[in-house]
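Order of the sequence lines fixes the chain letters, A, B, ..., with proteins taken first and strands second; residue numbering starts at 1 for each chain. Small disclaimer: the values here were computed from a predicted structure and weren't measured.
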Number of protein chains: 2
Amino acid sequence: MTATPSPPPATVPAPGSADDWLRLDQQVCFTLNAASRAFNGVYRVILKDLGLTYPQYLVMLVLWEHGTLPVKKLGEHLRLDSGTLSPLLKRLETAGLVRRERSARDERSVEVRPTEEGTALRRQALEVPLRIAAATGFEVEEIRELSAVLQRLTTALDAAAAAAEGTAEGA
Amino acid sequence: MTATPSPPPATVPAPGSADDWLRLDQQVCFTLNAASRAFNGVYRVILKDLGLTYPQYLVMLVLWEHGTLPVKKLGEHLRLDSGTLSPLLKRLETAGLVRRERSARDERSVEVRPTEEGTALRRQALEVPLRIAAATGFEVEEIRELSAVLQRLTTALDAAAAAAEGTAEGA
DNA sequence: CGCAATTTAATTGCGCGCAACCAAATGGCT
DNA sequence: AGCCATTTGGTTGCGCGCAATTAAATTGCG
């Protein structure tokens, strides 16, 4: 009882106590973060054949679905800003999968267009979702439910962050 | 209607088709990723007062719960390796929240111990989970369920990744 | 004891994610 | 026309997250 400076009790905290909240919180944020990284790990393995990282795969998904898009629109779809997208798109261009060209009508805008090679890559990517779904071991319906919950969560969190920023600053 | 080079159909693909799978998959991985980043954003705002980033907060959580730990054990708790933890712990040490000292018994091991200041920070951190929970707008039971699902998902994904790596390499 | 295999951290390199700042182009306004 | 706020990307800096490599200490074995 003498040489232990500050070891918190190893017992389970009482439900409803602040310690319990801390533990619960650790689970929510941590499990989400861990799941996200676990997903990333599986994608890393599967996407290695396509020469894409996971964020690059997301960009190509959007381009395959919507065709040529300015960086701004791309960022809105993916919830990413130019600080992330600019270098990423340069790498995709170096890889020969997209081309970036200034819009003629609005010189501020940069149109991102999949190249022939980038479009062709779509065929190889079609099997990716199946392999991912298999890796999760989840039923389709379960995945749909999870996605819905996560979307609701993201919306709530974004609103809360915006509100917190709003109250912090003068707005 | 003439100058659109390769715009994929904007219609909703038939359920069960490969296109539908692609879209569904996009939702699973993307919503998870987006939720994780949204969480990070809320934590960034709330933890700014404590001078911690979110991963640093996770490290302090583990230290508050378990007391002094070697880097290895810390990494097991958080699913992180030394490549991530080493610089992070150095920053925490610079901030005066932890001390790193070589174990006397095993010179390979580095014991991470919260300082007085680091331990004191726990009191300020106690209110964080409440604010986070409020930001989600979720009920406690709902959070618990979501956590359970995500844990199951992470376990399945890790197993799948390990299996994929195992078959890829000679093992 | 001497030597090889294992364990444990640290380091390096690369890519994302985001805040902060900057530059160019646009549009509205007088 | 001239001026100013807004829009749009780019750049920089910093902190993860992870793979790969390196170094040091420990363990096991003959």
What nucleotide, of [options], holds the atom closest to the side chain of [X]?
| X | options | answer |
| --- | --- | --- |
| A:Arg44 | D:dC18, C:dG15, D:dG17 | D:dC18 |
| B:Asp81 | C:dC18, D:dA19, D:dG17 | D:dA19 |
| B:Pro55 | C:dT26, D:dC16, C:dC18 | D:dC16 |

Could you pull out all donor-acceptor pairs under 3.5 Å where a side-chain atom in residues 125-141 of chain A meets a protein atom, sequence neighbours excluded?
from, atom 1, to, atom 2, distance (Å)
A:Thr136, OG1, A:Ala133, O, 2.6
A:Thr136, OG1, A:Phe138, N, 3.1

Rounded to whole Å, how long is the line connecting atom [atom1] of [X] with atom [atom2] of [N]?
| X | N | atom1 | atom2 | answer |
| --- | --- | --- | --- | --- |
| A:Lys48 | C:dG15 | NZ | C1' | 16 Å |
| B:Tyr54 | C:dA19 | OH | P | 17 Å |
| B:Asn33 | C:dC16 | CG | P | 12 Å |
| B:Arg37 | C:dG15 | CZ | C1' | 14 Å |
| B:Arg91 | D:dG17 | CZ | C1' | 12 Å |
| B:Arg79 | D:dC18 | CZ | C1' | 11 Å |
| A:Gln56 | C:dG17 | CD | P | 10 Å |

Checklist line | Under 4.0 Å protein heavy-atom contacts per nucleotide of nucleotides 1-10 of chain D, with B for base, S for backbone only and - for none | finding: ------BSSB
Checklist line | Criterion side-chain contact (heavy atoms from CB on, under 4.5 Å) against A:Val59, the qualifying member of A:Leu92, A:Val112, A:Val98 | finding: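 Single side-chain contact (heavy atoms from CB on, under 4.5 Å) partner of A:Val59 among A:Leu92, A:Val112, A:Val98: A:Leu92.
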As an exercise, state the distance from [atom1] of [X] to [atom2] of [Y], rounded to the nearest 0.5 Å.
| X | Y | atom1 | atom2 | value |
| --- | --- | --- | --- | --- |
| A:Glu76 | A:Asp81 | CD | CG | 12.0 Å |
| B:Leu97 | B:Leu63 | CG | CG | 10.0 Å |
| B:His77 | B:Leu61 | NE2 | CG | 12.0 Å |
| A:Thr53 | A:Asn40 | OG1 | CG | 8.0 Å |

Note to self: Could you check whether any side-chain N or O of B:Thr154 sits under 3.5 Å from a backbone N or O of B:Leu150, counting only pairs where one atom can act as donor and the other as acceptor?
What the structure shows: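 Yes.
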Note to self: Using five base pairs at each end to define the local axes, how bent is the helix from C:dC1-D:dG30 to C:dT30-D:dA1, to the nearest 10°?
What the structure shows: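 Computed from the C1' atoms at both ends, the axes differ by 0°.
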Next item on the list: Write down the atom of B:Lys90, the atom of B:Arg100, and the distance for their closest heavy-atom approach.
Entry: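 Closest approach of B:Lys90 to B:Arg100: CG-NH2, 3.5 Å.
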Next item on the list: Please report the shortest heavy-atom distance between A:Ala35 and B:Leu157, naming the atom on each side.
Entry: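 Looking at all heavy atoms of both residues, the shortest contact is O-CD1, 4.1 Å.
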Next item on the list: Map A:Asn40 and A:Pro87 onto DNA chain D by nearest heavy atom, then report which one ends up closer to the 5' terminus.
Entry: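 Nearest nucleotide further toward 5': that of A:Pro87.
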